[in-house]
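Numbered from 1 within each chain, the chains take letters A, B, ... in sequence-line order.
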2 protein chains.
Amino acid sequence: MALEHAILVSLLEKPGSGYELARRFDRSIGYFWAATHQQIYRVLKRMEGDGLIDAREVAQQDRPDKREYSVAAPGREALSQWLHEPIEPESVRHELAVKIRGAAFDDPAALIHEVERHRKAHADRLAHYLAGERRDFTGPEAPRALDAGRELQHVVLRGGIAYERMTLDWLDDVIATLERLAPPHAGAAR
Amino acid sequence: MALEHAILVSLLEKPGSGYELARRFDRSIGYFWAATHQQIYRVLKRMEGDGLIDAREVAQQDRPDKREYSVAAPGREALSQWLHEPIEPESVRHELAVKIRGAAFDDPAALIHEVERHRKAHADRLAHYLAGERRDFTGPEAPRALDAGRELQHVVLRGGIAYERMTLDWLDDVIATLERLAPPHAGAAR
DNA sequence: CTAATCATGTAAGTAGTTACATGATTTA
DNA sequence: TAAATCATGTAACTACTTACATGATTAG
């Protein structure tokens, strides 16, 4: 149940409402742990009930009021404990790879468009990561290094960048392979 | 619900029992779509009920009998239809990245062992992929190219290899970063 | 005779998705 | 006054995980 832990990390980095968390899960933290607002609200409620987080009603003039959550001592403890437990190295779910192998039993050429669409999505994400890196991790603030949080956010971002670059290269390979299989006679099967 | 589609692809590549599928999901196809035997048996039953696959009782002398499944015409049709539908570019779930960002609020040095454990798992997987590539995709059978299934299996495997290589490099970066944060004063926090 | 492999499941619980719903405030 | 953003939820469903269970056959 890593969503709880992802929420704890995000709230330690900065307290916020369910809505704000949902937006973070569309950006930074969500790049490696996706969650919808429905799920977030449900889990926040449970975590509050378990005493892991505290809620504080915040009245706002220019916007609807909100409930701001922050991490309570038992939440910090729970996170710390989880950090010291081993986790299983990721079991991947790569739907596009299923499609690519499935294309052998259909028309490989028909998949080219879909793969190109994914390629574009990954190129956009890479551009977004690189912009974030330029914004947050370059410039003269470097001497103030040894800020653990900053360094660790950066190394995770570098992972995202490496992942997107690798994926782009691979998708080019996939497209080239599909094109090679297409020209002679469309509609190949085993 | 891509498990159904992954099963269809796997059964088109080669018919088999639930047990055999479960083993494939521990190897080849499972490298990009994980599933346990419990889930597989349940989905197989549903798919049979939906007419997507056919079952055939196979008596064996040297082993317990089994039910061998193969793809029926409606199953082929369902796969073909799915292949022509667009899917969302993957939403990633990278638990280790959550831990790395969480380490800012605990002892970064304490995470080094965990990351090294993951590094080893990925190194093993890479070695396994490379052995599979040497076994199945090298040698003099090259001229018999244009076998779509073979080519597509290979490009998916190349993706797995690229992913593991990228991950190893990144985990080295992570370890170096954690070590850099560790020496002066263990137990940093923001 | 014991462990390993082959083979198939049930039951209970947790996590996650999709659809639906409401209402405030702000900007065009 | 309509659309966008901020803000929070419920309900129903589907997917997935974990624990438990059984029984055959084979190799050591």
Whole-Å distance between [N] [atom2] and [X] [atom1]?
X: A:Glu90; N: D:dT17; atom1: CD; atom2: P; answer: 13 Å
X: B:His37; N: D:dT18; atom1: NE2; atom2: P; answer: 13 Å
X: B:Ile40; N: C:dC6; atom1: CD1; atom2: P; answer: 15 Å
X: B:Leu44; N: C:dT8; atom1: CG; atom2: P; answer: 9 Å
X: A:Leu21; N: D:dT8; atom1: CG; atom2: C1'; answer: 13 Å
X: A:Asp65; N: C:dT22; atom1: CG; atom2: C1'; answer: 16 Å
X: B:Ile87; N: C:dT17; atom1: CD1; atom2: C1'; answer: 16 Å
X: A:Phe25; N: C:dA15; atom1: CZ; atom2: C1'; answer: 14 Å

Could you tell me if the side chain of A:Ile87 sits less than 4.5 Å from the side chain of A:Trp82, heavy atoms only?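 SC-SC contact between A:Trp82 and A:Ile87 confirmed.
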
Given side chains that start at C-beta, do those of A:Arg101 and B:Ser28 come closer than 4.5 Å, heavy atoms only?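 Yes; the side chains approach each other to less than 4.5 Å.
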
Just to confirm, is there a sub-4.0 Å distance from OP1 or OP2 of [N] to any side-chain nitrogen or oxygen of [X]?
X: A:Tyr41; N: D:dG9; value: no
X: B:Gln39; N: D:dT17; value: yes
X: B:Lys45; N: C:dG9; value: yes
X: B:Arg23; N: C:dT5; value: no
X: B:Tyr19; N: C:dC6; value: yes
X: B:Ser17; N: C:dT8; value: yes

For A:Asp62 and for A:Ala35, locate the closest nucleotide of DNA chain C by heavy-atom distance; then report the residue assigned to the nucleotide nearer the 5' terminus.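 With A:Asp62 and A:Ala35 compared, the 5'-side residue is A:Ala35.
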
5' precedence on DNA chain C between A:Arg46 and A:Arg63 (nearest-nucleotide basis):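 Nearest-nucleotide comparison on DNA chain C picks A:Arg46.
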
At under 4.0 Å between heavy atoms, what does B:Gln38 touch on the DNA or RNA strands: base, sugar-phosphate, or nothing?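 Counting heavy atoms under 4.0 Å across all strands, the contact made by B:Gln38 includes a base.
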
Look at all strands and tell whether B:Arg67 reaches a base, only sugar-phosphate, or nothing, counting heavy atoms closer than 4.0 Å.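 Answer is sugar-phosphate: B:Arg67 comes under 4.0 Å of backbone atoms only.
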
List the atom of A:Leu111, the atom of A:Ala103, and the distance in Å for their closest heavy-atom pair.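 A:Leu111 and A:Ala103 have their closest heavy atoms at CD2-CB, 4.2 Å.
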
SB check B:Arg117 B:Glu114 (cutoff 4.0 Å):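 Yes, this pair counts.
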
Ring-ring centroid check B:Tyr41 B:Tyr19, cutoff 6.0 Å: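 When the ring centroids of B:Tyr41 and B:Tyr19 are compared, they turn out to be at least 6.0 Å apart.
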
State which of C:dA7, C:dG23, C:dT17 makes the closest approach to the side chain of A:Pro64.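 Given the options C:dA7, C:dG23, C:dT17, the side chain of A:Pro64 is closest to C:dG23.
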
Between D:dT17 and B:Arg42, counting only base atoms on the nucleotide and side-chain atoms on the residue, is there a donor-acceptor pair under 3.5 Å?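 Indeed there is one.
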
